[in-house]
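Read the structure below first, then the notes.
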Amino acid sequence: MLTRIFLSGELRPRSECRLPPAQAHHVVRVLRLAQGDAVTLFNGDGAEYDAMVASVTRDAVTVKIGDARSGAREPALEIVLGQALSSGERMDYTVQKAVELGVAAIHPLAAARSVVRLTGERAEKRVAHWQAVVVSACEQSGRNRVPPVAPVAELAAWLARPAAGGAGALRLLLSPTGATRLRDLPRPAASIVLLAGPEGGFTPEEEAAARHCSFTPVRLGPRVLRTETAAVAALAALQALWGDF
């Protein structure tokens with residue numbers, strides 16, 4: 001697969017555009033691309049655009065945009081992930097792999113046992129960081145739509161909102177004590193909302209609140225998975241059961 005570069009904004013075929021500084025640095029200093037090298041551009045509209053490096057200078061990289069082509073790599077199975085906050089690289093890993101596995105949107109949630117506490121400007125910066133992780137994962141995996149990362153929300157407030165995933169969504173709560181396995185569930189008629197806990201898991205009160213909001217507790221085998229493993233394993237299993245695996 002050719003080098004893929006995300007550019008926000010309109011991409012017009014048969015025109016030229018200048019890469020933003022971060023992308024230009026990556027193209028020249030990391031990838032060592034030169035004039036005439038082919039790349040693929042995408043902006044999240046679902047298409048991808050053939051392009052070629054038109055010029056490289058010390059301060060700028062210009063690319064010539066070719067024709068748009070279909071890049072249909074989005075799964076038919078829409079899965080929204082509600083992920084309780086975990087620390088540092090664990091959250092980054094979950095976000096990255098969730099995107100690779102086809103998640104449609106990510107909602108970071110503050111739970112009682114979340115080690116990390118994010119509010120105000122610090123929360124906004126982390127969301128921006130996770131959105132950058134999403135973009136990078138889309139570049140790597142070939143996705144042409146960029147899943148949004150929602151602002152950090154308290155779990156109770158998130159559960160009280162109109163349900164993510166829309167009416168009729170199958171709501172699943174990952175729980176080591178759940179009595180249901182994924183394979184026991186019928187094929188969902190609509191989207192799936194997957195709720196995964198923090199390092200210490202959800203409290204009994206939080207699990208009860210989720211069940212009250214129509215979340216079905218499901219277990220992933222007899223072993224207790226780490227927070228950065230649980231959602232990723234569940235997403236892979238869901239894609240294998242009902243998605244495009």
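Just so you know, residue 1 is the first one in the sequence shown, and it goes up from there. Below, all heavy atoms of this structure are taken into account, side chains as well, without hydrogens, waters or symmetry copies.
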- prompt: Given side chains that start at C-beta, do those of Leu159 and Glu206 come closer than 4.5 Å, heavy atoms only?
  reply: no
- line: The reported gap from CZ in Arg113 to OG1 in Thr203 (rounded to nearest 0.5 angstrom) is 6.0 Å
Phe6 reachable from Leu33 in the ILVMFWY side-chain graph, under 4.5 Å edges: no
- line: Residues at least two apart in sequence or cross-chain that pass ring-ring contact (aromatic ring centres under 6.0 Å, His included) with Trp158, listed by chain then number, are His107
Residue pairs fulfilling salt bridge (charged side-chain N to carboxylate O under 4.0 Å, His left out) with at least one residue in residues 94-112, sequence neighbours excluded: Lys97-Glu100
message: Run the side-chain contact (heavy atoms from CB on, under 4.5 Å) test against Ser87 and tell me which residues pass, sequence neighbours left out.
response: Arg90, Val116, Glu199
message: For the SG atom of Cys138 and the CZ atom of Arg145, what is their distance to the nearest 0.5 Å?
response: 11.0 Å
- prompt: Under the side-chain contact (heavy atoms from CB on, under 4.5 Å) test, which residues partner Ala60, sequence neighbours left out?
  reply: Arg18, Thr57
message: Looking at Val149, is its backbone amide N or carbonyl O close enough to the side chain of Gln131 to form a donor-acceptor pair, meaning the two atoms are under 3.5 Å apart?
response: yes
- prompt: Does Leu109 belong to the same Ile/Leu/Val/Met/Phe/Trp/Tyr cluster as Val115, with side-chain heavy atoms less than 4.5 Å apart forming each link?
  reply: no
task: Verify the cluster assignment for Trp242 and Leu81: are they in a single hydrophobic cluster under the rule of side-chain heavy atoms below 4.5 Å apart?
output: yes
Side chains of residues 34-44: which donor-acceptor pairs under 3.5 Å do they make with residues two or more places apart or in other chains?
| from | atom 1 | to | atom 2 | distance (Å) |
| --- | --- | --- | --- | --- |
| Gln35 | NE2 | Ala54 | O | 3.2 |
| Asp37 | OD2 | Ala34 | N | 2.7 |
| Asn43 | OD1 | Asp45 | N | 3.1 |
| Asn43 | ND2 | Gly9 | O | 2.9 |

What pairs of donor and acceptor atoms, side-chain ones from residues 210-222 against any protein atom, are under 3.5 angstrom apart with sequence neighbours left out?
| from | atom 1 | to | atom 2 | distance (Å) |
| --- | --- | --- | --- | --- |
| Arg219 | NH1 | Gly178 | O | 3.3 |
| Arg219 | NH1 | Ala179 | O | 3.2 |

task: Mind checking ring-ring contact (aromatic ring centres under 6.0 Å, His included) for His26 and listing every partner two or more places apart, or none if nothing turns up?
output: none
field: Ala236: side-chain contact (heavy atoms from CB on, under 4.5 Å) partners, not counting sequence neighbours
entry: Leu101, Phe245
field: Leu172 side chain reached by Leu195 side chain, heavy atoms, under 4.5 Å
entry: no
Side-chain heavy-atom pair Arg73, Glu48 within 4.5 angstrom cut-off: yes
message: Could you see if Leu235 belongs to whatever hydrophobic cluster contains Leu185? Use Ile, Leu, Val, Met, Phe, Trp, Tyr and a side-chain cutoff under 4.5 Å.
response: yes
- prompt: Hey, does the side chain of Ser114 reach the backbone of Ala110 with a donor-acceptor pair shorter than 3.5 angstrom?
  reply: no
query: Do the non-hydrogen side-chain atoms of Leu194 and Arg171 ever get within less than 4.5 Å of each other?
result: no
message: Could you measure the distance from the CD atom of Gln96 to the OG atom of Ser141? Nearest 0.5 Å is fine.
response: 9.5 Å
- request: Apply side chain to side chain contact (heavy atoms under 4.5 Å, CB included) to Arg4 and Asn144, showing your working.
  value: CA-CA 10 Å; Arg4 305 180 76 253; Asn144 291 315; 2.3 Å; yes
- request: Could you check Val28, Val53, Val56, Val63 and say which one makes a side chain to side chain contact (heavy atoms under 4.5 Å, CB included) with Leu19?
  value: Val63
- request: Sorted by first residue and then second, give each side-chain hydrogen bond (donor to acceptor under 3.5 Å, both in side chains) pair with at least one member in residues 227-241; sequence neighbours left out.
  value: Gln83-Thr227, Arg226-Glu228
task: Could you please spell out the steps behind the salt bridge (charged side-chain N to carboxylate O under 4.0 Å, His left out) verdict for Glu121 and Arg126?
output: CA-CA 9 Å; Glu121 185 178 352; Arg126 292 310 295 172; over 6 Å; no
- prompt: Pairs in or reaching into residues 172-187: which pass side-chain hydrogen bond (donor to acceptor under 3.5 Å, both in side chains), with residues at least two apart or in two chains?
  reply: Ser175-Thr177, Ser175-Glu207, Arg181-Asp184
- prompt: Can you name the residues that form a side-chain contact (heavy atoms from CB on, under 4.5 Å) with Pro148, not counting sequence neighbours?
  reply: Ala105
query: Which residues pass the salt bridge (Lys or Arg N to Asp or Glu O under 4.0 Å) test with Glu124, sequence neighbours left out?
result: none
- request: Could you give me the CA-CA distance, side-chain angles and deciding distance for Leu174 and Phe202, then say whether side chain to side chain contact (heavy atoms under 4.5 Å, CB included) is met?
  value: CA-CA 9 Å; Leu174 297 182; Phe202 289 123; over 6 Å; no
query: Would you call Arg14 and Asp67 a side-chain contact if the rule is heavy atoms closer than 4.5 Å?
result: yes
- prompt: To the nearest 0.5 Å, what is the distance between SG (Cys17) and OH (Tyr49)?
  reply: 11.5 Å
message: Check whether Ser86 reaches the backbone of Met91 with its side chain - one donor and one acceptor, N or O, closer than 3.5 Å.
response: yes
query: Same cluster or not: are Leu77 and Val99 linked, directly or through other Ile, Leu, Val, Met, Phe, Trp or Tyr residues, by side-chain heavy atoms under 4.5 angstrom apart?
result: yes
